[in-house]
Novice: 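Quick one: this structure, given as structure tokens, is what I'll be asking you about.
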Amino acid sequence: ECVTDFWKAFNSDKKEIAAQLESSSDLTVSELDSMLNDAVESCRSLQARAAQASRFLPQYDIRLAMENVSTLLKQVNEVRQKTLPKPSFTFKSRRCTASSVFDVSQEQLLQEIEADSVAENVDAVNPDRAVMDKQGQTIVVPANVVEGGDFVLARLTNCTVHICGPSTAMRFSKLENCTVVAAPVYKGSVIMEEIVGCKLHLAAQQIRIHHCHRTDMQLCVRGGPIIEDTDTTRFGPYSARLQSTYGLMDGLDYDSDEWRQVEDFKWLKKEKSPNWDVLPEAERLSPPEIPAESANTTTIWEQ
């Protein structure tokens, strides 16, 4: 099972649980009690699936999945407290409740993930595979620098970045008013956080977006982009010029509309999340050309 398949199945089950909770007002007391117990068991199944997938899921994905299960469980408890009468006296029951779903082994898993997250800190990356702490520059990263590994962009302001070769994964952190034009990520994902006022041209197996605002993304992606704590972000298709420049990559279909199948992990209602929108065709810009090596504002990285 690959990462994209995991999220498709996970999101489908998550939406089914959310839909059940939304229908709670139409149920009798006995039907509601049964539905809530079923919802807890469904959350337990989601939790177990995420734990089992830890052998191939990145740490970020495991943490995100567990956080989503926790959010669903809180909603189950809220519905139970609002709609079911509290008995005046009951014997203690061993029946599983939403507050007791997480077992010890999976609590340990979450603790290990948090401990390992230090290694994900952008300051711990290889400086030869990163562009960090730049302002007002145009930066060209040649293919021979980026190919065959991960690449990081961090703490950039008012920059234009051209990543001219396929990487195995990319991470963006703290980009403001930047344009990023990248060759496809042929193996892994793009993970981004704290992105403000940017224009991004990306192709990857999966794209996960955290704390992104006032940003336009033109994408080719195998599975729908995942957003969290994000708003005012618009999505469109990957540029035809970039398709021609970099050719086809295994697992990516430039004709696919997966770029518009956005999953907002903080929006559990059936209707579309208001936190993202489709980029109008008239505003879908061709990415900037790679500049010649001349101006002072251009940095060319050499191996």
Novice: Can you find a pair of side-chain heavy atoms, one from Leu202 and one from Met170, that are under 4.5 Å apart?
Specialist: yes
Novice: If you apply the rule side-chain contact (heavy atoms from CB on, under 4.5 Å), what do you find for Met192 with Ser173, and how did you get there?
Specialist: CA-CA 6 Å; Met192 62 184 77; Ser173 178; over 6 Å; no
Novice: For Thr232, enumerate each residue passing the side chain to side chain donor-acceptor pair (under 3.5 Å) test, keeping only those at least two apart in sequence or located in another chain.
Specialist: none
Novice: Using the test salt bridge (Lys or Arg N to Asp or Glu O under 4.0 Å), find all partners of Arg241 that sit at least two apart in sequence or belong to another chain.
Specialist: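 Partners of Arg241 under the salt bridge (Lys or Arg N to Asp or Glu O under 4.0 Å) test: Glu289.
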Novice: Which atoms form the tightest heavy-atom contact between Cys159 and Gly136, and what is the distance?
Specialist: SG-N, 3.7 Å
Novice: Determine whether Trp267 and Val278 fall in the same hydrophobic cluster, where Ile, Leu, Val, Met, Phe, Trp and Tyr are linked whenever their side-chain heavy atoms lie under 4.5 Å apart.
Specialist: no
Novice: To the nearest 0.5 angstrom, please state how far the CG atom of Leu46 sits from the CE atom of Met66.
Specialist: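 Reported value, rounded in 0.5 Å steps: 10.0 Å.
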Novice: Hey, what do you get for SG (Cys220) to NE2 (His201), rounding to the nearest 0.5 Å?
Specialist: 14.0 Å
Novice: So which heavy atom on Gln205 is nearest to which on Val221, and how close?
Specialist: O-CG2, 3.7 Å
Novice: Kindly determine whether Val262 and Thr233 satisfy side-chain contact (heavy atoms from CB on, under 4.5 Å), including the steps that lead there.
Specialist: CA-CA 11 Å; Val262 180; Thr233 296; over 6 Å; no
Novice: Side-chain heavy atoms under 4.5 angstrom apart, residues restricted to Ile, Leu, Val, Met, Phe, Trp, Tyr: same cluster for Ile195 and Leu279?
Specialist: no
Novice: Hey, is Asp13 close enough to Arg49 for a salt bridge, meaning N to O under 4.0 Å?
Specialist: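 Salt bridge: yes.
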Novice: Please evaluate residues Arg171 and Glu193 with respect to the criterion salt bridge (Lys or Arg N to Asp or Glu O under 4.0 Å), reporting the C-alpha separation (whole Å), side-chain torsions for both, the decisive distance (0.1 Å), and the verdict.
Specialist: CA-CA 8 Å; Arg171 181 171 179 182; Glu193 56 192 0; 2.4 Å; yes
Novice: Please give me the minimum heavy-atom distance between Phe235 and Trp259, naming the atom from each residue.
Specialist: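 Scanning both residues, the minimum pair turns out to be O-CZ3, 3.1 Å.
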Novice: Could you state the interatomic distance from CZ (Arg80) to CG (Asn37), rounded to the nearest 0.5 Å?
Specialist: 5.0 Å
Novice: Would you call Asp257 and Gln261 a side-chain contact if the rule is heavy atoms closer than 4.5 Å?
Specialist: yes
Novice: Work out which heavy atom in Cys43 is nearest to a heavy atom in Val69; give both atom names and the distance.
Specialist: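 What the structure gives for the nearest pair is O-CG1, 3.7 Å.
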Novice: Check step by step if side-chain contact (heavy atoms from CB on, under 4.5 Å) holds for Lys14 and Phe265.
Specialist: CA-CA 10 Å; Lys14 181 189 72 173; Phe265 272 12; 3.1 Å; yes
Novice: Residues in side chain to side chain donor-acceptor pair (under 3.5 Å) with Glu263, at least two apart?
Specialist: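 Side chain to side chain donor-acceptor pair (under 3.5 Å) check on Glu263 returns Lys15.
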Novice: Taking all non-hydrogen atoms of both residues into account, name the closest pair between His162 and Pro288 and its distance.
Specialist: CE1-O, 3.1 Å
Novice: In chain order, what residues pass the side chain to side chain donor-acceptor pair (under 3.5 Å) check against Arg234, with sequence neighbours excluded?
Specialist: Asp216, Glu283
Novice: Please name the pair of heavy atoms, one in Ser167 and one in Gly149, separated by the smallest distance, quoted to 0.1 Å.
Specialist: CB-O, 3.2 Å
Novice: Using modelled atom types only, decide if a donor and an acceptor are shared between the side chain of Lys134 and the backbone of Thr138 within a distance under 3.5 Å.
Specialist: no
Novice: Counting C-beta onward and ignoring hydrogens, is there a side-chain heavy-atom pair between Ser70 and Lys74 closer than 4.5 Å?
Specialist: yes
Novice: Say whether, by atom type as modelled, one donor and one acceptor occur between the side chain of Ser189 and the main chain of Ile191 under 3.5 angstrom.
Specialist: no
Novice: Any donor and acceptor pair, going by atom type alone, linking the side chain of Gln218 with main-chain N or O of Leu285 inside 3.5 Å?
Specialist: yes
Novice: Quick check against the 3.5 Å criterion: does Ser42 have a side-chain atom that pairs as donor or acceptor with the backbone of Asp38?
Specialist: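 Such a contact is found between Ser42 side chain and Asp38 backbone.
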Novice: Would you please name every residue forming a side chain to side chain donor-acceptor pair (under 3.5 Å) with Ser273, sequence neighbours left out?
Specialist: Asp264, Asn275
Novice: Using a distance-only test with no angle check, is there a side-chain donor-acceptor pair under 3.5 angstrom linking Glu31 and Thr28?
Specialist: yes
Novice: Quick check: do Glu228 and Ile209 have side-chain heavy atoms less than 4.5 Å from each other?
Specialist: no
Novice: Applying a strict under-4.5 Å side-chain criterion to I, L, V, M, F, W and Y, I'd like to know whether Val196 and Val180 cluster together.
Specialist: no
Novice: So among Asp231, Asp229, Thr230, which one has a side-chain contact (heavy atoms from CB on, under 4.5 Å) with His211?
Specialist: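 For His211, the side-chain contact (heavy atoms from CB on, under 4.5 Å) test succeeds with only one of Asp231, Asp229, Thr230, which is Asp229.
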Novice: Between Arg155 and Glu176, is the closest basic N to carboxylate O distance under 4.0 Å?
Specialist: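 No, Glu176 and Arg155 are not salt-bridged.
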Novice: Would you call Val185 and Gln206 a side-chain contact if the rule is heavy atoms closer than 4.5 Å?
Specialist: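 No, side chains not in contact.
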Novice: Is the shortest heavy-atom distance from the side chain of Asp128 to the side chain of Val145 under 4.5 Å?
Specialist: no
Novice: Keeping to residues at least two apart or across chains, list the ring-ring contact (aromatic ring centres under 6.0 Å, His included) pairs with something in residues 10-49.
Specialist: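 Found Phe6-Phe10, Trp7-Phe10.
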Novice: Does any part of the side chain of Tyr254, heavy atoms only, come nearer than 4.5 Å to the side chain of Pro184, both counted from C-beta?
Specialist: yes
Novice: Cys164 pairs by side-chain contact (heavy atoms from CB on, under 4.5 Å) with which of Val181, Asn144, Val146, Ile290?
Specialist: Ile290
Novice: Using 0.5 Å steps for rounding, measure from the CE atom of Met217 to the SG atom of Cys198.
Specialist: 8.5 Å
Novice: Does Thr215 reach the main-chain N or O of His213 with its side chain, forming a donor-acceptor pair under 3.5 Å?
Specialist: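 Yes; judged by distance alone, with no hydrogens or angles, the pair exists.
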Novice: Could you check Asn177 against Lys199 for side-chain contact (heavy atoms from CB on, under 4.5 Å), going step by step and ending with a plain yes or no?
Specialist: CA-CA 8 Å; Asn177 298 328; Lys199 297 187 183 302; over 6 Å; no
Novice: Verify, without hydrogens or angle tests, whether Arg260 (side chain) and Pro237 (backbone) share a donor-acceptor contact under 3.5 angstrom.
Specialist: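 No; judged by distance alone, with no hydrogens or angles, the pair does not exist.
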Novice: Considering only heavy atoms from C-beta outward, does the side chain of Pro225 approach that of Leu219 to under 4.5 Å?
Specialist: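 They are in contact (side-chain heavy atoms under 4.5 Å apart), so the answer is yes.
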Novice: Show your reasoning for whether salt bridge (Lys or Arg N to Asp or Glu O under 4.0 Å) applies to Arg222 and Asp253.
Specialist: CA-CA 7 Å; Arg222 185 181 174 197; Asp253 180 3; over 6 Å; no
